[in-house]
Amino acid sequence: MTRRIFGIDLLRVVAMIFVIIDHTIAIGLGADDVTLMRLIVGDSVLFFMISGAVLLPVEGSGKTFLFKRFRRIIPPFLMWSIVYLLLSYYFEGWTLGELWKEFYSLPLKPSFTAAWFMYVLIGFYLAAPIMSVWIKNVSRRWIEYALVLWALSTMIPYASYFVDFPQNIHDTMLSPFVGYLGYMLLGYYLYKYPLREESLRYKTIAWIVLLLLAVALPIRLYFFTEKYGLTYMLYNDLHINIVAYMSIYFILITPINRLPEWIMIGVSRLAKLSFGIYLCHTAIFQYVVLPCIQNCECAILIAPIATFLCSALLIYLLSCTPIKKYIC
């Protein structure tokens, strides 16, 4: 059995709560308020960093790794994808032809918004054995070299504030480093080389850079120009300020290894349910919570709490049944 790491479990629970807040908080808020909220809450990319921390480098056979990971995630993902299709068929008035078309499109097209994460995660698993060979055979400096180039690729959108360049981001010299895979490598690096073990000078410089990138730079440029604005930055996961504040969450939370026992037990249990909660929370919000609170003055507070509690309860009950491995 895999040993549970409390700091990782806690980060997984925090990431799950952040995702639910992100997907439910828009009710009752204006566009600007929703945008600013994303400076506080995290995003699904925290899960990518967790994957890098706990899975890299892959030990043993790559074939065995892929079999175990896909056996773990594919059945629940497929089952919930079908559930979402059936819910859309019932509530949105789809025809059988539309339902069938969406079903056979599943290998390439998600059936619900939050499912984009699963397609990227599957790609990560496919890449993990290849990345592991590289990680095992290079020094820390080469990993830092790759991360710096990836970080530079996430700064390309800022160039639009100063230089007009018509090409797509994938047509630049940094195109090989563009993409979510950098988050997985970043998670591995921050976990393998924790900031708390670095020198005081290194830690001071690291915190100054992270805070500048996470807060000061995007806000400064937002007021400097209206070409894109804060909304564009915060809704682009492959943007340097998103990378910075995801790193801050990771650095602050993963070292935690001791809290009151009742909290540790609760976090451990929720972490085990987090995958199922992620898969079902959109349906719970859209078809259960939202119809009940649309006219409620406190909807902005009730929506994330009710969605979290209902999703956690549903997945917990399903985890007590013989079909749990196919659902959660």
Side-chain angles (χ1 to χ4, degrees), residues 2 12-13 15-16 19-20 22-24 43-48 50-52 54-55 58 61-130 179-181 183-184 237 269-289 307-308 310-328:
T2 303
R12 187 177 282 114
V13 172
M16 175 188 65
V19 167
I20 291 177
D22 184 32
H23 292 169
T24 61
D43 196 84
S44 301
V45 293
L46 268 177
F47 288 115
F48 298 152
I50 292 171
S51 294
V54 301
L55 296 178
V58 171
S61 165
K63 180 179 179 181
T64 301
F65 166 80
L66 292 174
F67 176 76
K68 288 182 177 179
R69 299 314 302 174
F70 288 152
R71 184 177 62 178
R72 169 71 182 92
I73 69 169
I74 294 299
F77 175 47
L78 181 60
M79 289 298 296
W80 280 107
S81 293
I82 294 173
V83 168
Y84 278 94
L85 290 179
L86 293 175
L87 288 172
S88 296
Y89 171 74
Y90 180 79
F91 287 102
E92 298 180 22
W94 285 3
T95 65
L96 286 175
E98 291 173 324
L99 178 62
W100 172 243
K101 180 180 179 181
E102 293 296 322
F103 176 76
Y104 70 69
S105 298
L106 281 178
L108 297 174
K109 179 183 176 182
S111 64
F112 57 104
T113 304
W116 72 268
F117 165 84
M118 294 302 303
Y119 291 81
V120 179
L121 186 64
I122 290 171
F124 282 173
Y125 289 165
L126 293 173
I130 303 171
Y180 288 105
L181 201 61
Y183 280 110
M184 193 174 186
D237 293 330
R269 291 178 178 175
L270 280 173
K272 294 177 182 178
L273 302 176
S274 60
F275 182 52
I277 294 174
Y278 183 92
L279 292 176
C280 79
H281 79 274
T282 304
I284 294 294
F285 172 65
Q286 184 174 350
Y287 299 111
V288 178
V289 175
T307 301
F308 170 72
C310 292
S311 300
L313 177 60
L314 174 62
I315 297 302
Y316 170 74
L317 294 175
L318 291 173
S319 71
C320 298
T321 68
I323 62 170
K324 62 181 181 181
K325 66 179 181 180
Y326 302 107
I327 300 294
C328 55

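Only heavy atoms go into these numbers, but all of them, side chains included; no hydrogens, no water, no symmetry mates. Here the structure is a predicted model, which is why all the values come from computation and not from measurement.
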- request: Start with the C-alpha gap between Phe112 and Gln286, add the side-chain angles, then the distance that decides, and say whether side-chain contact (heavy atoms from CB on, under 4.5 Å) holds.
  value: CA-CA 11 Å; Phe112 57 104; Gln286 184 174 350; over 6 Å; no
query: Looking at side-chain heavy atoms only, is the closest gap between Tyr125 and Leu55 below 4.5 Å?
result: yes
message: To the closest 0.5 Å, what do you measure between CG (Leu87) and CD (Glu92)?
response: 9.0 Å
field: Residues in side-chain contact (heavy atoms from CB on, under 4.5 Å) contact with Ile130, at least two apart in sequence or another chain
entry: none
task: Please say whether more than 12 non-hydrogen atoms of neighbouring residues, nucleotides or ligands are located less than 6.0 Å from CZ in Phe67.
output: no
statement: Heavy-atom nearest pair, Tyr84 first then Ser111, reads CB-OG, 3.8 Å
- request: Please report the closest heavy-atom contact between Ile20 and Ile277, naming both atoms and the distance.
  value: CD1-CG2, 4.0 Å
query: Is the Trp100 to Phe103 ring centre distance short of 6.0 Å?
result: yes
field: Spacing of CD1 belonging to Ile284 relative to OG1 belonging to Thr24, to within rounding of 0.5 Å
entry: 12.5 Å
- line: Rounded to the nearest 0.5 angstrom, the NE2-OH distance for His23 and Tyr278 is 5.5 Å
message: Tell me every residue that passes side-chain contact (heavy atoms from CB on, under 4.5 Å) with Ser61, counting only those two or more places apart in sequence or in another chain.
response: Lys63, Thr64
Working for side-chain contact (heavy atoms from CB on, under 4.5 Å), residues Val83 and Leu279: CA-CA 10 Å; Val83 168; Leu279 292 176; over 6 Å; no
Trace of the side-chain contact (heavy atoms from CB on, under 4.5 Å) decision for Ile327 with Trp80: CA-CA 7 Å; Ile327 300 294; Trp80 280 107; 3.8 Å; yes
task: Applying side-chain contact (heavy atoms from CB on, under 4.5 Å), name anything that partners Tyr316, two or more places apart in sequence or on another chain.
output: Leu273, Ser319, Cys320
- prompt: Hey, which of Phe117, Tyr180, Tyr183 is the one that makes ring pair (Phe, Tyr, Trp, His ring centres under 6.0 Å) with Phe47?
  reply: Phe117
- prompt: Any chance OH of Tyr90 has more than 12 other-residue heavy atoms, nucleotides or ligands included, within less than 6.0 Å?
  reply: no
field: For Cys280 against Ser311, the heavy-atom pair lying closest together
entry: SG-CB, 3.7 Å
- prompt: Any side-chain heavy atom of Phe308 sitting closer than 4.5 Å to one from Met16?
  reply: yes
message: What's the separation between atom CG in Leu78 and atom CD1 in Ile73, rounded to the nearest 0.5 Å?
response: 11.5 Å
field: Shortest non-hydrogen separation from Met184 to Ala128 and the atoms involved
entry: CE-CB, 4.1 Å
message: Check whether Tyr119 reaches the backbone of Lys109 with its side chain - one donor and one acceptor, N or O, closer than 3.5 Å.
response: yes
- request: Looking only at non-hydrogen atoms, find the nearest pair between Leu181 and Ala127 and report the distance.
  value: CD1-CB, 4.2 Å
Closest non-hydrogen atom pair between Ala115 and Phe77, with its separation: CB-CE1, 3.9 Å
- request: Give, for atom NZ of Lys101 and atom CG of Leu85, the distance between the pair rounded to the nearest 0.5 Å.
  value: 13.0 Å
task: Please round to the nearest 0.5 Å and tell me the distance separating atom OG1 of Thr321 and atom CG of Leu317.
output: 9.0 Å
- request: Check the pair Thr307, Val288 against side-chain contact (heavy atoms from CB on, under 4.5 Å), reporting the backbone distance first and the verdict last.
  value: CA-CA 8 Å; Thr307 301; Val288 178; over 6 Å; no
